[in-house]
Amino acid sequence: MNATSPQPAPKLVAFDLDDTLAPSKSAIDPRIGDLLIALAERVEVAIISGGQLSQFRSQVVDLLPAAASDILAHVHLLPTCGTQYYRIDADGIRTVYAHSLTDDQKSRALAAVEEEARRLGLWESEPWGDILEDRGSQITFSALGQQAPLDAKTAWDPTGEKKNALRDAVAARIPDLEVRSGGSTSVDITHRGIDKAYGMRQLSEQTGIALDDMLFVGDRLDPHGNDYPVLAMGVRCQAVEGWEDTAVFLDELLPTLPARA
């Protein structure tokens, strides 16, 4: 899709976070911050990621340029693929909902992913931080640890073969839960039926904006990517290969969007 195509202007633009708005687990560039605020002055802006709220804060929210609260009110935050939903108001970040896993679901998910990772030889003995993380509504396995450097993460599984093998093995162990590939080195476990398409449906329900009036921007729209469910559900999508691509796309898109009435 091209920003100058004759398609109607979106009323909401949603973004993946890592490798779309910023490098994995890294802060947004100031250019992205400026563009997000400029976008929020015209349409609803959403971020949907497998990451947890603390990542949204440190990577994006805390780095946005100063803006009036009535502009920030148009920003929607959906960590853990929409199992949590937050808005920004004058007092900070407000919870709309959070659907946590039960203690039993968490313990079974943690056991399954660790045991299968060890069996497949994917359990690192010297990771950068924790390999397993309880995000409340999501259990996340990060093969190299939560704080692994970007170059190591990029080199670990360039074809996705390791991650997909682990995903399949864990899914067979806990069929009542959703197991999917996450970022470059991660596998995420949530309630069944939870993916970024779920997050987009929640956005539609919360905002009253039809899916046909939304646009999603992401770097993993390939069939094995964690952004693909959004494309598969028929939402208009823009593929990017990094935050620089996103910035160029937004520079083209913004002049086509009417000012908010």
query: For Asp151 and Lys153, what are the C-alpha separation, side-chain angles and deciding distance, and is it a salt bridge (charged side-chain N to carboxylate O under 4.0 Å, His left out)?
result: CA-CA 5 Å; Asp151 57 348; Lys153 292 169 68 173; over 6 Å; no
Looking only at side chains, do [X] and [Y] share a donor and an acceptor under 3.5 Å apart?
{"X": "Thr190", "Y": "Arg180", "answer": "yes"}
{"X": "Thr20", "Y": "Asp219", "answer": "yes"}
{"X": "Gln59", "Y": "Asp18", "answer": "yes"}
{"X": "Arg57", "Y": "Gln52", "answer": "no"}
{"X": "Asp19", "Y": "Ser24", "answer": "no"}
{"X": "Gln146", "Y": "Lys25", "answer": "yes"}
{"X": "Ser69", "Y": "Asp89", "answer": "no"}

Where is the tightest heavy-atom contact between [X] and [Y], given as atom of each residue plus distance?
{"X": "Tyr97", "Y": "Thr83", "result": "CE1-O, 3.5 Å"}
{"X": "Arg119", "Y": "Ala169", "result": "NH2-CB, 3.7 Å"}
{"X": "Arg31", "Y": "Val248", "result": "NH2-N, 3.9 Å"}
{"X": "Trp243", "Y": "Ala22", "result": "CB-N, 3.9 Å"}
{"X": "Thr246", "Y": "Phe15", "result": "CG2-CE2, 3.9 Å"}
{"X": "Gly225", "Y": "Pro229", "result": "O-CD, 3.8 Å"}

task: Say whether Val61 and Ile71 are linked into one hydrophobic cluster, either directly or through other cluster members, by side-chain heavy-atom distances under 4.5 angstrom.
output: yes
- prompt: Do Ile28 and Phe249 belong to the same hydrophobic cluster, where Ile, Leu, Val, Met, Phe, Trp and Tyr are linked whenever their side-chain heavy atoms lie under 4.5 Å apart, directly or via other members?
  reply: yes
message: Between Asp16 and Lys196, is the salt bridge (charged side-chain N to carboxylate O under 4.0 Å, His left out) condition met? List the steps.
response: CA-CA 9 Å; Asp16 171 47; Lys196 290 183 182 177; 2.8 Å; yes
Heavy-atom distance under 4.5 Å between the side chains of [X] and [Y], does that happen here?
{"X": "Leu21", "Y": "Val217", "result": "no"}
{"X": "Ser204", "Y": "Met214", "result": "yes"}
{"X": "Trp156", "Y": "Ser184", "result": "no"}
{"X": "Arg42", "Y": "Leu254", "result": "yes"}
{"X": "Leu215", "Y": "Leu253", "result": "yes"}
{"X": "Gln206", "Y": "Val96", "result": "yes"}
{"X": "Pro127", "Y": "Leu144", "result": "no"}

message: Before you tell me yes or no, could you show the steps for Asp157 and Asn164 under side-chain contact (heavy atoms from CB on, under 4.5 Å), namely the whole-Å CA-CA distance, both residues' side-chain angles and the distance that decides it to 0.1 Å?
response: CA-CA 10 Å; Asp157 186 25; Asn164 290 337; over 6 Å; no
Could you grab the distance from atom [atom1] of [X] to atom [atom2] of [Y], nearest 0.5 Å is fine?
{"X": "Leu36", "Y": "Leu250", "atom1": "CG", "atom2": "CG", "answer": "7.0 Å"}
{"X": "Leu78", "Y": "Gln202", "atom1": "CG", "atom2": "CD", "answer": "8.0 Å"}
{"X": "Ile194", "Y": "His99", "atom1": "CD1", "atom2": "NE2", "answer": "7.5 Å"}
{"X": "Ile189", "Y": "Ser186", "atom1": "CD1", "atom2": "OG", "answer": "11.0 Å"}
{"X": "Leu12", "Y": "Phe216", "atom1": "CG", "atom2": "CZ", "answer": "11.0 Å"}
{"X": "Arg167", "Y": "Ser181", "atom1": "CZ", "atom2": "OG", "answer": "6.5 Å"}

[X] bridged to [Y] by N-O distance under 4.0 Å:
{"X": "Asp213", "Y": "Arg236", "answer": "no"}
{"X": "Arg201", "Y": "Glu205", "answer": "no"}
{"X": "Asp134", "Y": "Lys106", "answer": "yes"}

Pair Glu44-Arg260, salt bridge (charged side-chain N to carboxylate O under 4.0 Å, His left out): steps then yes or no: CA-CA 10 Å; Glu44 301 302 300; Arg260 184 178 282 109; 3.6 Å; yes
query: Passes side-chain contact (heavy atoms from CB on, under 4.5 Å), Asp104 versus Arg108? Steps please.
result: CA-CA 6 Å; Asp104 172 69; Arg108 289 189 293 110; 3.0 Å; yes
task: Step by step, work out the side-chain contact (heavy atoms from CB on, under 4.5 Å) result for Val240 and Leu221.
output: CA-CA 9 Å; Val240 295; Leu221 289 162; over 6 Å; no
message: Does Ser137 form a side chain to side chain donor-acceptor pair (under 3.5 Å) with Thr80? I'd like the steps, not just the answer.
response: CA-CA 7 Å; Ser137 55; Thr80 56; 2.9 Å; yes
Step-by-step salt bridge (charged side-chain N to carboxylate O under 4.0 Å, His left out) determination, Glu115 to Arg173: CA-CA 10 Å; Glu115 290 167 11; Arg173 290 272 304 268; 2.6 Å; yes
- request: Start with the C-alpha distance between Leu211 and Met200, add both sets of side-chain angles, then the distance that settles side-chain contact (heavy atoms from CB on, under 4.5 Å), and finish with yes or no.
  value: CA-CA 7 Å; Leu211 292 170; Met200 296 299 287; 4.1 Å; yes
query: Should the pair Tyr85 and His76 be assigned to parallel (<30°), tilted (30 to 60°) or perpendicular (>60°) ring geometry?
result: perpendicular
